[in-house]
Number of protein chains: 2
Amino acid sequence: MTPKVTKKSEATRAHILQTALGLFQEHGFEKTTMRMIALACDLSLGAAYYHFKTKEELVLQFYAETGAEARSHNGTITAASRDFKTRLKALLQFKFTQMAPFRELASVLARQATDWRNPLSPFSAETRPMRDEAIGLIEEVLEGSNVKVSAPLRPHLAKMLWLYQMGVILFWMNDPSPEQRRTEELLDLSLALLHRLLQASTLPFMRGVNQSAVRIVELVEGLAPTGEEET
Amino acid sequence: MTPKVTKKSEATRAHILQTALGLFQEHGFEKTTMRMIALACDLSLGAAYYHFKTKEELVLQFYAETGAEARSHNGTITAASRDFKTRLKALLQFKFTQMAPFRELASVLARQATDWRNPLSPFSAETRPMRDEAIGLIEEVLEGSNVKVSAPLRPHLAKMLWLYQMGVILFWMNDPSPEQRRTEELLDLSLALLHRLLQASTLPFMRGVNQSAVRIVELVEGLAPTGEEET
DNA sequence: GTCTATAACACGATAGAC
DNA sequence: GTCTATCGTGTTATAGAC
């Protein structure tokens with residue numbers, strides 16, 4: 001995805017990213033040009049493009065780094081409470097806190113998300129490691145929590161919740177209320193709803209619902225990573 | 001949104017759109033340039049831009065016209081069956097048949113969808129008429145059908161199903177299986193799931209779930225149309 | 001007022017020399 | 001790994017023809 005990792009290259013890459021993030025924050029993503037970024041780094045335009053093939057790749061790199069940060073924060077979350085809703089809310093809120101200064105960038109990433117063949121999409125084969133890590137974080141939060149869910153659903157729960165997370169992020173990106181207070185309301189409501197629904201999944205007459213749900217997740221999952229024939 | 005409607009203008013507009021659609025089909029959206037479109041129409045580049053402010057607006061216009069077509073097909077659907085699942089499946093499948101030759105264009109539209117302030121987004125204030133029409137079509141399909149759902153949910157059901165529709169379309173866009181057979185599987189599974197869940201919503205102990213669901217739809221709805229203060 | 005043409009701009013991206 | 005030079009494209013400015 002990126003050139004081989006040498007000391008020099010890595011330092012330059014980091015420098016470009018930091019500079020770009022600053023400029024994005026100041027002028028916004030669209031109005032910040034690659035020429036501005038290169039100039040601010042005392043580099044030529046071509047050099048900047050050597051390190052990042054596209055402007056959007058800068059955003060993906062930023063997102064990848066927030067992932068690492070989130071990993072180290074996950075322990076704090078699991079230590080603080082065993083409650084499913086509390087934990088998941090904390091996980092999502094941490095993501096929001098991280099990305100808050102760069103809310104617009106989330107939108108840039110979401111734009112790529114719709115085409116799953118786009119290497120920069122969160123659903124693409126190329127971003128699979130990042131996706132798996134994010135799902136792993138959710139799984140960690142589930143393990144040892146008080147979540148109640150039917151047996152057949154349990155192995156797919158983290159993947160389901162990752163999709164749920166995507167939806168909440170989409171809402172958050174577009175939430176114009178001060179400090180995104182509506183997102184918090186959405187979070188509380190949807191987590192309560194989810195909790196009840198998962199509880200209900202253990203009921204005997206929900207067997208059919210469970211089977212359908214599992215198969216749906218598998219279908220969505222099957223679309224994402226493997227490149228198949230087209231029509 | 002567009003210049004005043006005179007005979008001449010409307011004819012040219014239609015001609016540009018038709019030509020563009022042909023070129024999109026032949027070369028794809030990205031590789032088709034505005035210059036190509038203008039040339040194929042025996043128009044100057046400036047003239048083309050007089051009629052369509054952006055390249056993406058061509059796609060929106062196409063989408064708007066499929067909406068009108070779908071309206072006239074809705075009667076056939078409601079006449080054919082009273083079954084909720086059958087009707088909704090027919091509605092969605094008709095949309096897919098319409099858009100099948102231009103599947104890539106759906107993706108172009110989806111790209112705009114993520115930023116709800118973008119006038120071309122299906123969630124924007126500007127596209128509200130189109131959105132309302134689409135929801136109206138779903139409401140028509142619900143009325144007189146055998147759908148079973150709790151009373152508090154019923155007034156919001158069409159809006160909920162419109163969101164569901166958006167999800168299915170996203171899947172369809174990215175479905176690489178021949179003739180998008182997986183989308184049909186998804187359709188059957190998700191409709192069955194939906195049906196059961198709506199049935200379950202009438203159960204007494206689902207009161208809380210109903211309330212949460214209604215409020216969530218209202219939150220999403222409230223984000224879309226009204227331009228509010230930013231942060 | 002409605003429509004069209006010409007010219008130019010800005011920016012993302014690339015080619016090829018060093 | 002960095003440079004300079006250049007391209008292609010979406011979009012805009014502007015002037016004027018019907």
Side-chain angles (χ1 to χ4, degrees), chain A residues 1-17 19-21 23-24 26-62 104-105 107-109 111-112 115 118-120, chain B residues 1-17 19-21 23-24 26-62 104-105 107-109 111-112 115 118-120:
Chain A
M1 200 160 195
T2 49
K4 294 278 171 286
V5 182
T6 68
K7 297 276 165 52
K8 177 80 173 293
S9 173
E10 199 163 344
T12 315
R13 232 180 109 85
H15 183 218
I16 294 173
L17 180 60
T19 311
L21 286 176
L23 289 171
F24 288 158
E26 192 174 355
H27 306 109
F29 179 78
E30 304 261 284
K31 306 208 84 171
T32 303
T33 75
M34 288 299 276
R35 284 165 179 82
M36 286 166 66
I37 297 171
L39 190 69
C41 290
D42 278 311
L43 279 175
S44 74
L45 181 60
Y49 269 105
Y50 172 81
H51 293 282
F52 294 92
K53 266 187 262 304
T54 68
K55 198 178 165 185
E56 282 81 8
E57 199 178 310
L58 282 161
V59 183
L60 187 67
Q61 183 61 38
F62 161 69
E104 190 200 4
L105 296 189
S107 183
V108 174
L109 221 56
R111 206 179 304 159
Q112 323 269 328
D115 180 5
N118 186 144
L120 268 42
Chain B
M1 201 164 192
T2 48
K4 293 281 173 284
V5 182
T6 69
K7 298 276 163 55
K8 179 78 173 297
S9 172
E10 199 164 343
T12 314
R13 231 180 110 87
H15 182 219
I16 294 173
L17 180 61
T19 310
L21 286 176
L23 289 171
F24 288 158
E26 192 174 354
H27 306 109
F29 179 77
E30 302 262 285
K31 305 207 82 170
T32 303
T33 74
M34 288 298 276
R35 284 166 180 83
M36 286 167 65
I37 297 171
L39 190 69
C41 290
D42 279 309
L43 278 176
S44 73
L45 182 62
Y49 267 103
Y50 172 80
H51 294 282
F52 293 93
K53 268 190 263 303
T54 69
K55 198 178 167 186
E56 282 80 9
E57 199 178 309
L58 281 160
V59 183
L60 187 68
Q61 183 61 39
F62 161 69
E104 190 201 4
L105 296 189
S107 183
V108 174
L109 219 57
R111 202 152 53 204
Q112 323 269 327
D115 180 5
N118 186 146
L120 267 42

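Residue numbers start from 1 in every chain, and the chains themselves are labelled A, B, ... in the order their sequence lines are given, proteins ahead of strands.
Distances shorter than 4.0 Å separate some side-chain N or O of B:Ser9 from OP1 or OP2 on C:dC3. Put simply, B:Tyr50 has no side-chain N or O that comes within less than 4.0 Å of OP1 or OP2 on C:dT4. Phosphate proximity of C:dT2 to B:His51: absent, as no side-chain N or O sits under 4.0 Å from OP1 or OP2. A close approach under 4.0 Å does occur between a side-chain nitrogen or oxygen of A:Tyr49 and OP1 or OP2 of C:dA13.
Applying the 3.5 Å distance criterion, the base of D:dG8 shares no donor-acceptor pair with the side chain of B:Arg35.
Going from atom CD1 of A:Ile37 over to atom P of C:dA13 covers 11 Å, rounded to whole Å. Distance B:Lys31 NZ to D:dG10 P: 12 Å, rounded to the nearest Å. Rounded to an integer number of Å, the gap from B:Leu39 CG to C:dA5 P is 11 Å. For the pair A:His15 NE2 and D:dG1 P, the computed distance is 16 Å after rounding to whole Å. Look at CD on B:Gln112: it is 13 Å from C1' on D:dG10, rounded to the nearest Å. Remark: P of C:dG12 and CZ of A:Phe29 are 8 Å apart, rounded to the nearest angstrom. Between the CG atom of B:Leu45 and the P atom of C:dC9 there is a distance of 16 Å, rounded to whole Å. As rounded to whole Å, 12 Å separates atom P of C:dT4 from atom CZ of B:Phe52.
A:Thr19 contributes no side-chain N or O that, together with a main-chain N or O of A:Ala40, makes up a donor-acceptor pair within less than 3.5 Å.
Checking each of B:Leu120, B:Leu58, B:Val59, B:Leu60 against B:Val108 for a side-chain contact (heavy atoms from CB on, under 4.5 Å) leaves exactly one that passes, namely B:Val59.
Ion pairing between a basic and an acidic side chain is recognised when a charged N comes within 4.0 Å of a carboxylate O; A:Lys31 and A:Glu104 show no such pairing.
Comparing atom distances between the B:Glu56 side chain and each of D:dC3, D:dT11, C:dT4 picks out D:dT11 as nearest.
A:Glu57 has its side chain out of reach of A:Tyr49: every pair of non-hydrogen atoms, C-beta onward, lies at least 4.5 Å apart. The shortest side-chain heavy-atom distance between A:Leu109 and A:Leu105 does not fall under the 4.5 Å cut-off.
Among the heavy atoms of the strands lying under 4.0 Å from B:Leu43 are primed sugar atoms or P, OP1, OP2 only; no base atom is included. Using a 4.0 Å heavy-atom cutoff across all strands shown, B:Thr33 reaches sugar-phosphate atoms only and no base atom.
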